[in-house]
Amino acid sequence: VCKNGISNGGLYKRPFNEHFEQAPMYVAVLTYLGFGVGTIFGYVRDFLRACGLERCNLAAEREEQKDFVPLYQDFENFYTRNLYMRIRDNWNRPICSVPGPQFDLMERVTDDFNWTFRFTGRTIKDVINMGSYNYLGFAETEANALKTVADVLQNYGTGVCSTRQEMGNLDKHVELENLVAQFLDVEAAMVFGMGFATNSMNIPSLVGKGCLILSDELNHTSLVLGARLSGATIRIFKHNNMQSLEKLLRDAVAYGQPRSRRAWKKILILVEGIYSMEGSIVRLPEIVALKKRYKAYLYLDEAHSIGAVGPTGRGVVEYFGMNPEDVDVLMGTFTKSFGAAGGYIAGKKELVDFLRTHSHSAIYATSMCPPVAEQIIRAMKCVMGLDGTTQGLQRVHQLGENTRYFRRRLHELGFIVYGNDDSPVVPLLLYMPGKIGAFARHMLTKNIGVVVVGFPATPIAESRARFCVSAAHTREMLDTVRTADVLVKLTSDTSVGLDVSAWIQTQMED
Amino acid sequence: TDVHFVYWMLAPAYHLILEGILILWIIRLLFSKTYKLQERSDLTPKEKEELIEEWQPEPLVPPVSKDHPALNYTLFLYFCSPPSHKIIVNGKECINFASFNFLGLLDNERVKNAAQASLRKYGVGTCGPRGFYGTFDVHLELEDRLAKFMRTEESIIYSYGFATIASAIPAYSKRGDIVFVDEAACFAIQKGLQASRSNIKLFKHNDVADLEQLLKEQEIEDQKNPRKARVTRRFILVEGLYMNTGDICPLPELIKLKYKYKVRIFLEESLSFGVLGEYGRGVTEHFGVNVDDIDLISANMENSLASIGGFCCGRSFVIDHQRLSGQGYCFSASLPPLLAAAAIEALNIMEENPDIFQILREKCKRIHKALQRIPGLIVVGDLFSPALHLQLEETSGSRENDMKLLKRIVDYCMNRSIALTQARYLEKEEKCLPPPSIRVVVTVEQTEEELDKAASIIREAAQSILN
């Protein structure tokens, strides 16, 4: 079942395969039942805590401030207190090594059911890392690789202590920006110190009151915050659904602003390259066709897709074989594929000049620190092949192979996996709340670190485990994860997010 | 029933006719078409196409004049020294009076060595947010150390200074809550308030009487609607040392107001952390106030600690909430470990050398005195504020011309090896735009001769340009 509308096959130069299977009815029923039971228990516990029969481990307000208006509404924290707290040990797990394909976790135990944790002092070594965004494997500590970064750190220090427009504009920034522009094949680029802040500080500079923002349903919080802070009118279209987007565009251009009927000043479409919770890739050819027809502007957030898709790692624009000039604002982050921190915006020279003068970040926020800039420079040079080796290209190919292999094996097992076949973000649906905690804990006993996500990051009935495939993963590691998944499936009573017919088929084939 | 029939027959004729007409009318109304007040007249598809053809949007970005100062950056063409005490501006070595490197830790060997060790162990990036394997032991250690240093229960770190206060405010203050904020609050606070959608009440800069007036008015409002008042949270938001004016906030009076009107205080200490107080703990130590009286202290690590990022500290009851609702914390990658290690080492240095704060304060006093009575320029800022502003005594009426004059002074000083900068603002977006000014920043590394030299060069510049 393709829930993202009908795709216009003529615009695509390559096959576009996405899957969003629906769960069988009994799974949905059991999921809601699970939440219901959790909620009832929550109320019972709250009652016991209020009576004093159960110890209350929550931090409390100061005695002197007890008559102030309460800082938190009781109900706001119901979910945190009663549902999240029970499985809290699956998040915020501290690590003590480089977040490469394997890492070391600090062993953490709780004596009071997750209210407090204590470290035993032991580390769990060589846990397979399926949670970090290390797509091209640049999170490494090899001395040779990091030599230039160490040199820059020695020369420049760690901080900058000033903003871009005052004293914080270093030659490293200029070098990096030129490299990014070259990498993406655009006229100019500008870099910022934080990926989240790139969105929230630059969208308000581009659009304002009297403009319209058309934003995808599942956009990241930073895009939503940027859109809200801009003051423009926001309309949401269904996730990756081009019919919904077209309808909104037609109505917007034909009818203008509500009530006053004036024409919109500008229309900006906000989409992401790869959506991190769904694993879906944006339908870029169709969106570009729509944007050209209706004269809108396109803002593409390639946080997860830059470096991760495309024959040479240039992102979704290259993946679809399109011209980067068709996208008005190319935005991305360096955290995921380049193993550093920060974000960039690239596009035409006028756009970047405008941002240099009017971006909130250039005037009020500290610029990127030099060692981080150097890490991005060396990683990007590696991907582009400018360091004289083909290592970068090998990494991109390895990532593609690993992605396809992993997804294929999970499909064969009968799991429901969302998303595009080529996206390195692999969400595996768990649905039931009890499974969220159980899956993550079970995988940890098998020395595999996974990320599980539930409400409110996902819809309430669609909790999932999200794997992030990396170029640094070897085939053995991926097979270990797959075997662990099989064991999970066999030991659980109701199979995890099972597509019944496919499972029967696999059984029959075996 | 016979009796009823008889009564019906006995009713007067006009009565029956009237009722009959009414019944027919009701039947007609029930079956007639209803009028819809249509919000929009339906356009035919052809009309829509025409409108779509005709519509011309504005260009994505308006043109920018080529001689905007930001496009002709002061480029630092050096390769072997950081932007610390001495910097090379366009080939000329100058003394740096423009970077917020108050404690001179930007160039410190110990800090760099700690960062190198961390680089060898962890690499550069953390590749994930705090919730998904982005929590490293250095982050936990830094949070612990900061909480101990500030003598609070807990602290939380962010990976970007601007995002710290801009994420902390919307985590607590929601739509319908009231925030009393000083006029001279910095841009990050303004963005945090905008994101929170709360009611904002500005009070005059450092004017406690004005704030009390606003609080009294609010109290009267509350009495009209006590049920609403019981759930409306109130906050006072002030900075320790204001970035825009260099003043210190009157903290003891604010605390009195806090208990009198039951308002919580959020304190932004980016400039005062590591500067004020006997041991550098900020404005709470400076005034001798109990740090528990402040609900939340937020600061960035980009000034005194010469790192990147920010932190909030306070009681666990307050801080723990941000771990799930601080947007810049939950949805963003965590701080690179080498920066966290650098911050820890910087904290170590601060704890081991508590006399640098006194030295810094002496230097601030010295330059403050030396810059007094320069014809044409006034010094804006407190006696021991390390970030001062120099504003024009008489404005020419146009902001652009003022900025051009100040630029000439800056260039004059730059040519004589004193690096200064103008304070930059986003003119259209600031709530209360400060007048144009030159930033003068004092650091612990500047010698007394250098301070005197800077003051005399600025004096010369003002005399030659402004007269």
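In what follows, every chain begins at residue 1, and chains take the letters A, B, ... in the order their sequences are listed.
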- Could you tell me whether Phe317(B) and Tyr72(A) have their ring centroids closer than 6.0 angstrom? yes
Main-chain N/O of [Y] paired with [X] side-chain donor or acceptor, under 3.5 Å:
{"X": "Thr158(A)", "Y": "Ile308(B)", "result": "no"}
{"X": "Lys295(A)", "Y": "Pro57(B)", "result": "no"}
{"X": "Trp55(B)", "Y": "Trp264(A)", "result": "yes"}
{"X": "Gln327(B)", "Y": "Ser222(A)", "result": "no"}
{"X": "Arg315(B)", "Y": "Glu61(A)", "result": "no"}
{"X": "Glu58(B)", "Y": "Lys265(A)", "result": "no"}
{"X": "Lys266(A)", "Y": "Leu60(B)", "result": "yes"}

Please find the pair of heavy atoms, one from [X] and one from [Y], that lie closest to each other, and give the distance.
{"X": "Ala333(B)", "Y": "Thr335(A)", "answer": "CB-CG2, 3.1 Å"}
{"X": "Phe136(B)", "Y": "Pro99(A)", "answer": "CZ-CD, 3.7 Å"}
{"X": "Met194(A)", "Y": "Ser332(B)", "answer": "CE-OG, 3.1 Å"}
{"X": "Cys161(A)", "Y": "Glu302(B)", "answer": "SG-O, 3.4 Å"}
{"X": "Ala195(B)", "Y": "Leu225(A)", "answer": "CB-CD1, 3.9 Å"}
{"X": "Thr141(A)", "Y": "Gly123(B)", "answer": "CG2-N, 3.4 Å"}

If you count heavy-atom pairs within less than 4.5 Å of chain A, which of [options] leads?
{"options": "Leu305(B), Asp292(B), Asp177(B), Asn108(B)", "answer": "Asp292(B)"}
{"options": "Arg323(B), Glu429(B), His321(B)", "answer": "His321(B)"}
{"options": "Ala98(B), Ala342(B), Gly128(B)", "answer": "Ala98(B)"}
{"options": "Phe132(B), Tyr261(B), Phe235(B), Tyr172(B)", "answer": "Phe132(B)"}
{"options": "Ser159(B), Gly125(B), Gly161(B), Ser173(B)", "answer": "Gly125(B)"}
{"options": "Glu50(B), Arg233(B), Glu153(B)", "answer": "Arg233(B)"}

Name the region of [X], side chain, backbone, both or neither, that has any atom closer than 4.5 Å to a heavy atom of chain A.
{"X": "Leu324(B)", "value": "side chain"}
{"X": "Ser304(B)", "value": "neither"}
{"X": "Arg120(B)", "value": "backbone"}
{"X": "Pro170(B)", "value": "neither"}
{"X": "Val138(B)", "value": "neither"}
{"X": "Val124(B)", "value": "both"}
{"X": "Glu47(B)", "value": "neither"}
{"X": "Ser334(B)", "value": "neither"}
{"X": "Glu430(B)", "value": "side chain"}
{"X": "Phe162(B)", "value": "side chain"}
{"X": "Ala229(B)", "value": "backbone"}
{"X": "Leu119(B)", "value": "both"}
{"X": "Val231(B)", "value": "both"}
{"X": "Arg230(B)", "value": "backbone"}

Should [X] and [Y] count as side-chain neighbours, where that means a heavy-atom distance under 4.5 Å?
{"X": "Ser361(A)", "Y": "Tyr160(B)", "answer": "yes"}
{"X": "Asp295(B)", "Y": "Gln65(A)", "answer": "yes"}
{"X": "Leu105(A)", "Y": "Tyr133(B)", "answer": "yes"}
{"X": "Arg130(B)", "Y": "Trp91(A)", "answer": "no"}

Side chain, backbone, both or neither of [X] within contact of chain B (heavy atoms, under 4.5 Å):
{"X": "Glu350(A)", "value": "both"}
{"X": "Ser367(A)", "value": "backbone"}
{"X": "His220(A)", "value": "side chain"}
{"X": "Phe334(A)", "value": "neither"}
{"X": "Met106(A)", "value": "side chain"}
{"X": "Phe138(A)", "value": "neither"}
{"X": "Leu206(A)", "value": "both"}
{"X": "Tyr297(A)", "value": "side chain"}
{"X": "Ala341(A)", "value": "side chain"}

- Salt bridge present between Glu49(B) and Arg250(A) (N-O < 4.0 angstrom): yes
- Message: One pair to check against side-chain contact (heavy atoms from CB on, under 4.5 Å): Leu140(B) and Phe119(A). What are the steps and the verdict?
- Response: CA-CA 12 Å; Leu140(B) 298 175; Phe119(A) 294 105; 3.8 Å; yes
- Answer yes or no: does atom NZ of Lys174(B) have more than 12 heavy-atom neighbours from other residues, nucleotides or ligands under 6.0 Å? yes
- Message: Could you go through Gln165(A) and Gln422(B), starting from their C-alpha distance and side-chain angles, then the distance that decides it, and tell me whether this counts as side-chain contact (heavy atoms from CB on, under 4.5 Å)?
- Response: CA-CA 9 Å; Gln165(A) 279 199 10; Gln422(B) 280 196 59; over 6 Å; no
Using a 4.5 angstrom heavy-atom cutoff, name the option from [options] with the most pairs to chain B.
{"options": "Asp353(A), Val372(A), Val152(A)", "value": "Asp353(A)"}
{"options": "Arg293(A), Lys336(A), Glu142(A)", "value": "Arg293(A)"}
{"options": "Val207(A), Val450(A), Leu355(A), Val453(A)", "value": "Val450(A)"}
{"options": "Gln375(A), Glu140(A), Glu374(A), Arg62(A)", "value": "Arg62(A)"}
{"options": "Leu153(A), Val253(A), Val451(A)", "value": "Leu153(A)"}

- On the 0 to 90° scale, with breaks at 30° and 60°, tag the Tyr364(A)-Phe187(B) ring pair as parallel, tilted or perpendicular. parallel
- Query: Under 30°, 30 to 60°, or over 60°: which ring-plane class applies to Tyr259(B) and Phe68(A), parallel, tilted or perpendicular?
  - Reply: perpendicular
